Colleague: 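Quick one: the structure is below, questions incoming.
All of these numbers come straight from a predicted model, not from anything done at the bench. Throughout, numbering of the chain's residues begins at 1 and tracks the sequence.
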Amino acid sequence: MKKTFTIISFALLISATVFAQRQQAQGTAPKAGSAPAPATPTKEETKINTNIASRNIVPESSVVTNHTVTINGKAVPYKATAGTLPVWDEEGKTLAGLFYTYYERTDVGNKESRPLVISFNGGPGSASVWMHIAYTGPVVLKIDDEGYPVQPYGYKDNSTSILDVADIVYIDPVNTGYSRTVSKDVPTNRFFGVRADIKYLAEWINTFVTRTNRWASPKYLIGESYGTTRVSGLALELQSSHWMYLNGVILVSPTELGIERGTAMDAALRLPYFAATAWYHKALANDLQSKKLTDMLPEVETFTINELVPAMAKGGFLPAEEKKKIAAKMARFSGLSEKVILQNNLDISTNLFWKELLRDKGFTVGRLDSRYKGIDKSDGGERPDYNAELTSWLHSFTPAINMYLRNELNYKTDLKYNMFGPVNPWDRTGDNTGENLRAAMAQNPYLHVLVQSGYYDGACDYFNAKYNMWQMDPSGKLKDRMSWEGYESGHMMYLRKVDLALGNDHIREFIKKSTPKPGQSAKF
């Protein structure tokens with residue numbers, strides 16, 4: 001990776017001044033009459049100056065570096081800006097500083113037609129690190145082809161990045177990454193809740209788009225996990241309160257988006273995910289196991305909608321003989337015993353499934369990616385001791401992001417980079433984000449939606465993602481602008497090398513398809 005450094009940081013220049021004052025106090029500053037210091041600090045001086053920062057947030061700062069990455073065989077030069085921008089209250093008082101990383105391709109003359117992708121991860125309380133250094137950005141983790149950690153930890157060029165077709169900004173909400181409030185006295189209810197989160201982030205995006213002169217650009221939001229709740233709400237908030245109209249929203253491993261299921265529907269919709277996981281662990285009957293995953297799942301989905309949902313709706317009034325037949329089919333598709341299914345009245349929780357599927361082999365399976373196996377203290381019990389996949393991921397992500405921001409992007413601070421930050425209590429009232437996204441699409445003919453799901457994701461499972469789409473648009477008038485893609489991996493499907501390339505290709509195609517041709521009007 002080729003790299004050069006420049007500095008454009010007001011806050012860091014203040015730090016340089018403080019450094020000079022300290023030198024003077026120590027008797028090490030240049031004497032009067034000596035040659036003046038250079039106007040642009042050298043790389044080494046930058047390290048000294050920026051390291052003065054302590055653990056207090058600097059609400060506004062930026063460091064710029066220049067790089068080149070090869071994407072699909074072609075060299076792509078780009079500029080990276082790592083920094084912070086303020087969050088203000090209604091009177092213009094600074095409440096917090098949000099950390100962001102902004103990548104711009106530098107050999108593109110016309111920014112007006114250059115798409116901008118605005119990226120969030122989820123949690124709530126999670127930094128943007130996951131998609132930043134493992135999916136769409138110009139670098140990816142050094143991991144094996146299935147996503148497992150390898151040492152020494154690190155990162156490498158991402159030859160599949162979408163930076164060839166779009167500029168990208170990764171944003172860390174308050175208390176994630178390096179983002180913090182300026183004082184402990186700032187009330188957290190301004191940030192920590194479905195509606196508050198959407199409101200302040202929309203204001204911040206407005207500031208960012210204005211500062212970077214990107215109002216003319218086609219704009220896209222991408223969110224993963226809880227980030228899909230966030231960007232679905234932002235689509236309407238940006239449109240109705242900031243008059244900022246989007247071209248696309250990309251939902252990676254989406255939540256339920258506030259769309260009601262009910263107890264019976266919620267229980268039934270889990271089965272296709274159970275089947276996918278059982279297939280992966282070779283826990284199904286030979287006739288199902290011998291099929292490709294994507295050839296086997298339609299049978300399970302049909303059974304779920306046409307037989308299991310009506311059976312679950314009958315609850316305790318389901319005839320015993322019919323209940324036994326349903327349990328037998330569930331056992332066939334889930335890899336669990338008919339006895340366990342009947343003991344739980346057909347309602348198998350995800351926790352029980354993760355514990356039960358490989359219980360006889362002494363393993364649990366992961367929540368966010370059920371390809372991963374864990375080892376519990378005891379084989380008994382109804383839930384795993386820990387999330388096997390998450391501990392694995394933190395192995396490789398945490399060292400890499402700390403190394404990358406400091407060594408490659410030259411952003412120096414003594415703040416701890418919060419992979420997960422304290423954001424509780426989180427106010428979940430008012431989650432109507434699926435309807436928000438529908439309304440934004442109905443009002444904006446340009447707006448398209450792409451959904452990406454991993455078959456082995458047990459937290460935000462693929463069949464519930466399909467159900468979102470079916471229920472979000474009951475009229476069926478928007479379905480031509482909605483698409484879904486599935487991957488043989490988990491919540492972060494891009495950790496699997498094959499799906500990293502495939503997922504980015506799907507985003508690249510989506511951006512190209514939803515960016516209007518010159519003169520194409522926004523009308524139905």
Colleague: Quick check on Arg383: does its CZ atom have over 12 non-hydrogen neighbours (other residues, nucleotides or ligands) under 6.0 Å away?
Modeller: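 Count not over threshold, so no.
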Colleague: Look at Glu488 together with Arg496 and state whether they make a salt bridge at an N to O cut-off of under 4.0 Å.
Modeller: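 Salt bridge between Glu488 and Arg496, a charged N being under 4.0 Å from a carboxylate O: no.
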Colleague: With a 4.0 Å cut-off, would you call Asp287 and Arg332 a salt bridge?
Modeller: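 Judged by the 4.0 Å cut-off on N to carboxylate O distance, Asp287 and Arg332 do form a salt bridge.
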Colleague: Verify whether the ring centers belonging to Tyr200 and Phe191 lie closer than 6.0 Å.
Modeller: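 Ring centroids of Tyr200 and Phe191 are less than 6.0 Å from each other.
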Colleague: So, Trp130 versus Phe397, ring centres under 6.0 angstrom or not?
Modeller: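 Ring-ring flag for Trp130/Phe397: true, centres closer than 6.0 Å.
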Colleague: If only atom types and distance count, is the side chain of Ser396 paired as donor or acceptor with the main-chain N or O of Pro149 below 3.5 Å?
Modeller: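 Flag not set: sc Ser396 to bb Pro149 has no pair under 3.5 Å.
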Colleague: Measure from the ring center of Tyr148 to the ring center of Tyr372 and say whether it is less than 6.0 Å.
Modeller: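 Yes, the ring of Tyr148 comes within the 6.0 Å limit of the ring of Tyr372, centre to centre.
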Colleague: Measure the acute angle between the ring planes of Tyr462 and Trp484, then classify it against the limits of 30° and 60° as parallel, tilted or perpendicular.
Modeller: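 Tilted, since the angle between the ring planes falls between 30° and 60°.
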Colleague: So, the side chain of Tyr100 versus the backbone of Gly83: is there a donor-acceptor pair under 3.5 Å, distance only?
Modeller: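 No, because the side chain of Tyr100 does not come within donor-acceptor range (under 3.5 Å) of the backbone of Gly83.
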Colleague: Less than 4.5 Å apart, any side-chain heavy atom of Val249 and any of Leu234?
Modeller: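 The answer is no; the side chains never approach within 4.5 Å.
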Colleague: With a 6.0 Å cut-off on the ring centroids, do Trp279 and Phe333 count as close?
Modeller: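 That pair fails the under 6.0 Å test.
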Colleague: Below 4.5 Å, heavy atoms only, C-beta onward: do Ser370 and Tyr273 meet side chain to side chain?
Modeller: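 Yes, side chains in contact.
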Colleague: Do Phe99 and Tyr411 have ring centroids that are under 6.0 Å from one another?
Modeller: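 That pair passes the under 6.0 Å test.
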Colleague: Looking at the rings of Tyr455 and Tyr487, which for Trp means the six-membered one, are their centres under 6.0 Å apart?
Modeller: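 Between Tyr487 and Tyr455, which both carry aromatic rings, the centre distance is not below 6.0 Å.
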Colleague: Between Asn464 and Arg261, is any side-chain donor less than 3.5 angstrom from a side-chain acceptor?
Modeller: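 There is such a pair between these side chains.
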Colleague: Classify the angle between the aromatic ring planes of His132 and Tyr404 as parallel (below 30°), tilted (30 to 60°) or perpendicular (above 60°).
Modeller: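 If you compare the ring of His132 with that of Tyr404, the planes turn out perpendicular.
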